[in-house]
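All chains are named by letter (A, B, ...) in the order of the sequence lines, taking the proteins before the strands, and each is independently numbered beginning at 1. All values below were derived from every heavy atom in this structure, side-chain atoms included, with hydrogens, water molecules and symmetry-related copies excluded.
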Number of protein chains: 2
Amino acid sequence: MRAKDGAKRAPTESDVARLAGVSQSAVSRAYTPGASVAESTREKILKAARELGYHPNMMARTLATNRSNIVALAISYLDNPFYAQVVRELSEKLRETGRHILLFTTSPDGKADPALEDVLSYKVDALILTATTASHELAVQCQAAGVPIVQINRESKLPGISIVRGPNELAATKIAEFLHAGGHLRYAFIGGTVESGTSKVRENAFVGRLRELGVKDVLVAHGDYTFEGAAIVTRQLLSMAEPPDAIFCASDYMAFATLDVAKREFNLKVPDDLSVIGFDNVPAASRFAWDLTTYSQPAGLLVDAAIDIIDSMIARPGRRAQRREVQGELILRGSAKRPPASA
Amino acid sequence: MRAKDGAKRAPTESDVARLAGVSQSAVSRAYTPGASVAESTREKILKAARELGYHPNMMARTLATNRSNIVALAISYLDNPFYAQVVRELSEKLRETGRHILLFTTSPDGKADPALEDVLSYKVDALILTATTASHELAVQCQAAGVPIVQINRESKLPGISIVRGPNELAATKIAEFLHAGGHLRYAFIGGTVESGTSKVRENAFVGRLRELGVKDVLVAHGDYTFEGAAIVTRQLLSMAEPPDAIFCASDYMAFATLDVAKREFNLKVPDDLSVIGFDNVPAASRFAWDLTTYSQPAGLLVDAAIDIIDSMIARPGRRAQRREVQGELILRGSAKRPPASA
DNA sequence: CTGAAAGCGCTTACAG
DNA sequence: CTGAAAGCGCTTACAG
């Protein structure tokens, strides 16, 4: 129980109290918003704290209050710029309330489930799951432990889990209508993973609307939300006897791969030979070669909604799960043919 | 001090001890590698723990041991795919030893310094700074508090701070030689921020080597490590009366912007009219429109070195700062003219 | 407004 | 190998 060899022990409330000539509990109060301390006492304490270089020990505080100000974030596809954006927005917005992200990356192959124990051990205030292959068991257990959970763009059958999603049905429906109005003949959908509920929702809305419009067959493939996966699947689609001339990809990131393969390997003219539409509207979608037509899904709004839900669940633990949908819009660019007489 | 309303209190060692019929300290030992517990006792305990759904409380453990198994990561440019890769590699490799990342994002404008208190409050085992605008004061204070610090790709005058870097001098030198052999006439360097030591090192080596080769004037601009910043500066460079025909960008990410502007806005043929070389060799560098010639800087190796240093500093707190350089190589692709008679 | 004291859930000498 | 006990640095009723 000796101090670590090198570094001298960090100052504690007791050290500050001694220097300021008050009790240790007074020091604690000086750092507790709303606690009753005389202003003069408080100043004396803060001065002493500054002098000693005192910083409250969050671990001790957490032990006493059961609130860590840490939010666990489980995420796989950090290479997808959309999710890099989500992480950044989340981090910055949590910081505004003094909270931080504890990162749990999961490999896209789903092998490394974020160790259950870990997220439970750290007594996180909430758990956010997004773009992750994390098992549902993780969610179940955390929920049992009373940790508020919200999933961003991830479906779930579990009743207690809150969900924030993009405009999946509406977007897919509008995209189907837009492509159909553009006079395309053969349609394909490149989804994420086979298990992805979000991808399935988009697929169903896309295929469903096309069917209503009289299109019988829509090719469906899965790019696993990865660039490489989408590239492989695009190769297969474009190698068919009658390849599609319109492809809707479940993410911009995959759409980039589709465009890449179409132009470079198949020498197709976009959008003359092939129209490609993505989903997300990441910054890169408007850049150079891509010039991608897509449906926007503002990361900032998704994050706002997620934080809002978390806060309400922390405030009222008994609260039931919430579901929110964020708005987006069809962003017209050059990668998809436009309807002849634009409505 | 009552249990939180909704969720029942999480089971503790005492709960497990009661169920297993042993003392609380025995339970603790069962979870401490190398502690002396009879195998039969241990099994009894683990069984009881499973039954109760017990998970050790890291906050309490940290308070007792002063080790949190949390590593703070300060980072700004999450949108740069190279750093997204660094984050992922770091997260996965730390997980192998049961550690996790506590994320401190800083806005690229440098406004939001990661709150000093925060990183100190969480009693992190180490602090890693990379691609960040975080002030040096942060580093100084953490160092004073005895927190091991390593900077990835960030220079520092502070004596106690360990640094892991890419092959800056060598890469810039080779790139200068390669472009010069390619017979270019007017050279430009697009660096990161003006304050970036890493950028300065690359600039000096690049300009220095060109000077040795007889090139007097090398244009120097700063893209601030952002896509937009690089685009703006590229516009300026290419609008000059005598624009450069060879540009070395301090990151692939900025090189993409340069290529984008050159091709789309100035209708330049790459590499016929303009050669562009980047730095990092991110996955996107080999994709479609870019086909970027660059110098590799393996994120995995940088991360390995950083973790290695952290571990050694934790093991021997008195240890002095270390500096490591990771190897890379010139990756030949289509964005830069090759020397006529390749050596 | 202030202090003494108990408690948060662990680890770790210290005896046995 | 095992248990009782002190201690890690906080918060928070409880008295005063």
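Across all non-hydrogen atoms, the minimal contact from Glu155(B) to Gly197(B) is CG-C, 3.6 Å. Between Thr130(B) and Ile152(B), the shortest heavy-atom distance links the atoms OG1-O, 3.0 Å.
Residue-level contact check: Thr41(A) touches the backbone only, with heavy atoms under 4.0 Å from sugar-phosphate atoms and none from bases.
Side-chain proximity of Arg9(A) to the nucleotides dC14(D), dC10(C), dG9(D) is greatest for dG9(D). Among dC10(D), dT2(D), dC10(C), the nucleotide with an atom closest to any side-chain atom of Tyr54(B) is dC10(C). Comparing atom distances between the Val37(A) side chain and each of dT2(C), dC10(D), dC14(C) picks out dT2(C) as nearest. With distances taken from any side-chain atom of Ala38(B) to the nucleotides dC1(D), dG7(C), dC1(C), the minimum falls on dC1(D).
Atom CD of Glu13(B) is separated from atom P of dG3(D) by 13 Å (rounded to the nearest Å). Arg29(A) places its CZ atom 11 Å from the P atom of dA13(D), with the value rounded to the nearest Å. In this structure, CZ of Arg61(A) is placed 9 Å from P of dT12(D), rounded to the nearest angstrom. What separates CD1 of Ile45(A) from P of dG3(C) is a distance of 8 Å, to the nearest Å. dC8(C) atom P lies 12 Å from atom CD of Gln24(B), rounded to whole Å. Look at CG on Asn66(B): it is 17 Å from P on dG7(D), rounded to the nearest Å. Residue His55(B) contributes atom NE2, which lies 16 Å from atom C1' of dC10(C) at whole-angstrom precision. Atom pair Asn57(A):CG and dG7(D):P shows a separation of 18 Å (rounding to whole Å applied).
Only one option out of Arg319(A), Arg316(A), Arg99(A) pairs with Asp311(A) in a salt bridge (charged side-chain N to carboxylate O under 4.0 Å, His left out); it is Arg99(A).
Across all strands shown, dC14(C) forms a Watson-Crick or G-U wobble pair with dG3(D), both key distances being under 3.5 Å.
Of the N and O atoms on the side chains of Ser196(A) and Thr198(A), not one donor lies less than 3.5 Å from an acceptor on the other residue.
In terms of position along DNA chain D, the nucleotide closest to Gly21(B) lies nearer the 5' end than the nucleotide closest to the other residue of the pair Gly21(B) and Leu63(A).
The side chain of Ser25(B) places no N or O atom within less than 4.0 Å of a non-bridging phosphate oxygen (OP1 or OP2) of dC10(C). Close to dG3(C), at under 4.0 Å from its OP1 or OP2, lies a side-chain N or O of Ser23(A). Listed pair Ser36(A) / dC1(C) meets the phosphate criterion, a side-chain N or O lying under 4.0 Å from OP1 or OP2.
Between His100(A) and Phe104(B), the ring planes lie tilted relative to each other; the angle falls in the 30° to 60° range.
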